A.B. asks: 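I'd like to ask you about the structure that follows.
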Amino acid sequence: MLLYEGKAKQIFSTENENEFIVYYKDDATAFNGEKKAEIASKGILNNKISTIMFEELAKEGIESHFIKSLSDREMLVKKVEILPLEVIVRNITAGSFCKRYGVEEGIVLDTPIFEMSYKNDDFGDPLLNDDHAVALKLATREEIDFLRTQTLKINEIMKKFFLKMDLKLVDFKLEFGKDVNGKVILADEISPDTCRLWDVNTNEKLDKDRFRRDLGDLVQGYEEVLARLNK
Ligand code: C5P
């Protein structure tokens, strides 16, 4: 049964009440849904790339909702209740950071920046700090401390992993959820929809900015990422 439909994925219940199926759609949206398109095979690529990323993180001891891949577009995951927070790490300036603070794109930051925004389309996912998140009861202070530590650990693992494929991890967004025991674990997806990835030598953008900014064929970029991950 369909439980939830987001912009890029659908969540289905299964016979096991502790497990869900995530179905990756071909829909692409940007700017809070203002720009929309259907891009054939994007869902397949994101499912495959997310699978590789969750498996890689598991090898490094990072628990996530991922259980196994079921088909081209589907993965079996643990049932979690998603925290209404988008957790972002920035290694290199880009996107909303440049726009908000009037900074040039492509500046390597001395230390990674950890950001959170309130997952709420009606308010345009506003940026918030720890105090805001606690006051709004979106998470406890302990949970936020865990999110920060875990996300920065994930950043180090992913940065190293992508660099081996000649990809710079510019920034990315993660979502976490509470499992049936109340434990906070990594959830959602890790794909070029949610990570900015640039070629180390040319700075060619191989992520969703191709769609957001009309920089070239999106599928070609995602296929290039998958091909490098499969090498
Ligand atoms: O747009 P912004 O620069 O804040 O995005 C930072 C990172 O988070 C980018 O990698 C982007 O793809 C990702 N992101 C996302 N979903 C959102 C907002 C940002 O995956 N709703």
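Quick caveat, the model's predicted, so the values are computed rather than measured. Atoms within each ligand, like the ligands themselves, are counted from 1 in listed order. Keep in mind that the numbers below use all heavy atoms, side chains included, and drop hydrogens, waters and symmetry copies.
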A.B. asks: Tell me the protein heavy atom at minimum distance from atom 11 (C) of ligand 1, and give that distance in Å.
C.D. replies: Arg212 NH2, 3.5 Å
A.B. asks: Got the closest protein heavy atom to atom 14 (N) of ligand 1, with its distance?
C.D. replies: Lys173 CB, 3.6 Å
A.B. asks: Rounded to the nearest 0.5 Å, how far apart are CD of Glu86 and CZ of Phe172?
C.D. replies: 13.5 Å
A.B. asks: Could you identify the single nearest non-hydrogen protein atom to atom 18 (C) of ligand 1 and state the distance to 0.1 Å?
C.D. replies: Glu86 OE1, 3.8 Å
A.B. asks: Side chain of Ser50, backbone of Ile190: donor and acceptor closer than 3.5 Å?
C.D. replies: yes
A.B. asks: Show which atoms of ligand 1 fall inside a sub-4.0 Å distance from at least one heavy-atom site of Gly95.
C.D. replies: 3 (O)
A.B. asks: What protein heavy atom is closest to atom 4 (O) of ligand 1, reported as residue, atom name and distance in Å?
C.D. replies: Ser96 OG, 2.5 Å
A.B. asks: Is it the side chain, the backbone, both or neither of Asp125 that has a heavy atom closer than 4.0 Å to ligand 1?
C.D. replies: side chain
A.B. asks: Drop me the distance from Ile92's CD1 to Ile113's CD1, to the nearest 0.5 angstrom.
C.D. replies: 11.5 Å
A.B. asks: Pick whichever of Asp209, Asp171, Leu174 has a heavy atom sitting closest to atom 7 (C) of ligand 1.
C.D. replies: Asp171
A.B. asks: Below 30° counts as parallel, above 60° as perpendicular, anything between as tilted: where do the rings of Phe66 and Phe54 land?
C.D. replies: parallel
A.B. asks: Taking 4.0 Å as the limit for heavy-atom contacts, which would you say applies to Glu115 with ligand 1: side chain only, backbone only, both, or neither?
C.D. replies: neither
A.B. asks: What part of Arg100, side chain, backbone, both or neither, has a heavy atom within less than 4.0 angstrom of ligand 1?
C.D. replies: neither
A.B. asks: Counting only heavy atoms, which portion of Ser117 has something under 4.0 Å from ligand 1: side chain, backbone, both, or neither?
C.D. replies: neither
A.B. asks: Using the ring of Tyr222 (Phe, Tyr or Trp, six-membered ring only), decide whether Lys42 places NZ or CZ under 6.0 Å from its centre and within 45 degrees of its axis.
C.D. replies: no
A.B. asks: Please write down residue, atom name and distance for the protein heavy atom closest to atom 5 (O) of ligand 1.
C.D. replies: Arg196 NH1, 3.5 Å
